[in-house]
Visitor: 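Below you will find the structure I want to go over with you.
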Amino acid sequence: MDKDEAKRALDIADKKLSENDYVGAKKFVNKAQSLYADLDGLNQVLMMINVYTSAEIKISGGIETDWYGVLGVDSKADDEIVKRQYKNLALLLHPDKNRFNGAEGAFKLVLHAWSLLSDRDERYLYDERNMKKKPPPSAKAKDAPSNLFWTMCSECKTRCEYWRDSYLNRTVLCPTCGKTFIATEQIPRAVKKTSKTYNQYRP
């Protein structure tokens with residue numbers, strides 16, 4: 001049965017997580033998702049992989065962790081978006097609710113990101129340190145339509161605009177319903193901007 005095969009694939013992904021092999025874990029969790037998308041625990045493992053891979057991305061010349069990336073919000077996200085995203089991730093990753101390998105470590109990363117980004121003084125200092133070391137993007141790069149893409153939450157149909165290099169075909173958390181989905185590109189003419197459109201993932 002597909003469900004049994006999906007469980008086996010998820011077990012292998014869990015083992016890969018314990019070995020810090022996030023590429024291997026992502027391969028098997030994607031296989032599990034393709035076999036049985038409603039498999040229990042799938043969203044938890046997907047989000048753990050995203051948190052760990054985001055934490056490996058260093059900014060400011062490799063000195064600092066990208067805590068915005070760990071939490072899955074844009075650097076311009078307001079306090080309410082940061083708070084909502086933290087709550088969504090905490091529900092998925094807290095060790096009391098997540099039985100998979102690495103849950104505690106992923107939760108600690110998210111908790112650290114929340115602690116920093118929810119403190120206005122700490123967030124300001126963090127932004128100041130990193131803004132000084134990031135060259136401002138050119139107007140051409142910022143406005144180039146090819147750098148952005150539209151996708152849609154498979155659960156609640158919220159339309160979202162994401163940064164292509166960071167999020168295309170990756171698992172993301174819907175800012176409206178809190179469910180995870182694969183950010184596949186939608187045909188531009190099929191996507192219209194509505195009141196439910198979220199752009200907080202734009203750089």
Side-chain angles (χ1 to χ4, degrees), residues 1-57 69-73 81 84-111 113-114 149-187 190-191 194 196-198 200-201:
M1 292 177 62
D2 286 348
K3 187 174 181 180
D4 292 335
E5 287 296 319
K7 284 182 179 179
R8 280 191 280 273
L10 192 60
D11 287 342
I12 296 173
D14 188 30
K15 185 175 185 297
K16 296 287 185 182
L17 271 174
S18 69
E19 300 167 351
N20 299 325
D21 180 3
Y22 306 127
V23 174
K26 187 67 178 287
K27 175 183 176 182
F28 281 97
V29 83
N30 284 343
K31 180 180 179 181
Q33 188 174 46
S34 66
L35 289 167
Y36 195 80
D38 295 326
L39 186 65
D40 184 46
L42 196 58
N43 287 344
Q44 291 175 313
V45 177
L46 282 168
M47 199 48 59
M48 285 167 59
I49 294 170
N50 280 0
V51 167
Y52 279 120
T53 53
S54 295
E56 290 183 335
I57 299 172
V70 169
L71 204 57
V73 296
I81 290 173
R84 184 167 64 241
Q85 185 76 347
Y86 166 70
K87 286 184 174 180
N88 287 335
L89 289 174
L91 286 172
L92 286 172
L93 301 176
H94 195 285
D96 289 344
K97 301 178 182 296
N98 190 320
R99 63 180 174 81
F100 296 99
N101 286 307
E104 184 175 358
F107 179 74
K108 285 181 178 179
L109 286 168
V110 168
L111 183 60
W114 159 250
F149 72 99
W150 285 97
T151 188
M152 180 186 294
C153 173
S154 56
E155 186 72 20
C156 69
K157 309 306 180 186
T158 293
R159 297 176 177 89
C160 310
E161 191 175 21
Y162 289 84
W163 188 240
R164 182 182 299 276
D165 292 343
S166 300
Y167 295 101
L168 183 62
N169 296 323
R170 290 192 63 184
T171 304
V172 298
L173 199 67
C174 176
T176 299
C177 69
K179 300 290 186 180
T180 56
F181 68 98
I182 304 296
T184 55
E185 187 166 11
Q186 300 288 311
I187 300 172
V191 177
T194 70
K196 281 193 171 184
T197 297
Y198 286 82
Q200 69 261 36
Y201 293 99

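Note that the structure is a prediction, hence the values are computed from the model and not measured. Just the heavy atoms: all of them, side chains too, but no hydrogens, waters or symmetry mates, feed the values below.
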Visitor: Rounded to the nearest 0.5 Å, how far does CE of Met152 lie from CZ of Arg159?
Guide: 4.0 Å
Visitor: If a pair satisfies ring pair (Phe, Tyr, Trp, His ring centres under 6.0 Å) and one of its residues is in residues 10-54, list it, with sequence neighbours excluded.
Guide: Tyr22-Tyr52
Visitor: What pair of heavy atoms forms the shortest contact from Leu109 to Ala55, and how long is it?
Guide: CD1-CB, 3.8 Å
Visitor: Just verifying a value: how many Å separate Gln33 CD and Asp38 CG, rounded to the nearest 0.5 Å?
Guide: 10.0 Å
Visitor: What residue among Leu10, Asp4, Asn30, Asp2 forms side chain to side chain contact (heavy atoms under 4.5 Å, CB included) with Leu35?
Guide: Asp2
Visitor: Measuring from Lys7:NZ to Asp11:CG, what's the distance to the nearest 0.5 Å?
Guide: 9.0 Å
Visitor: Can you list, pair by pair, the side-chain donor-acceptor contacts under 3.5 Å of residues 90-108, counting residues two or more places apart and other chains?
Guide:
residue: His94; atom: ND1; partner: Asp96; partner atom: N; Å: 3.0
residue: Asn98; atom: OD1; partner: Phe100; partner atom: N; Å: 3.0
residue: Asn98; atom: ND2; partner: Leu92; partner atom: O; Å: 2.9
residue: Asn101; atom: ND2; partner: Asp14; partner atom: O; Å: 3.3
residue: Asn101; atom: ND2; partner: Asp14; partner atom: OD1; Å: 3.3
residue: Asn101; atom: ND2; partner: Asp14; partner atom: OD2; Å: 3.4
residue: Glu104; atom: OE2; partner: Lys108; partner atom: NZ; Å: 3.4

Visitor: Does the Ser34 side chain pair with the main chain of Lys31, one donor and one acceptor, at a distance under 3.5 Å?
Guide: yes
Visitor: Kindly give the heavy-atom pair with the smallest separation between Leu42 and Ala32, and that separation in Å.
Guide: CD1-CB, 4.1 Å
Visitor: Over all heavy atoms of both residues, which pair between Asn50 and Lys26 is shortest? Give the atoms and the distance, please.
Guide: OD1-NZ, 4.3 Å
Visitor: Measure across Val70 and Ala113 and return the closest heavy-atom pair with its distance rounded to 0.1 Å.
Guide: CG1-CB, 4.2 Å
Visitor: NZ of Lys16 to NZ of Lys27: how many Å apart, nearest 0.5 Å?
Guide: 8.0 Å
Visitor: Where do Leu17 and Val45 come nearest, in terms of heavy atoms and distance?
Guide: CD1-CG1, 3.9 Å
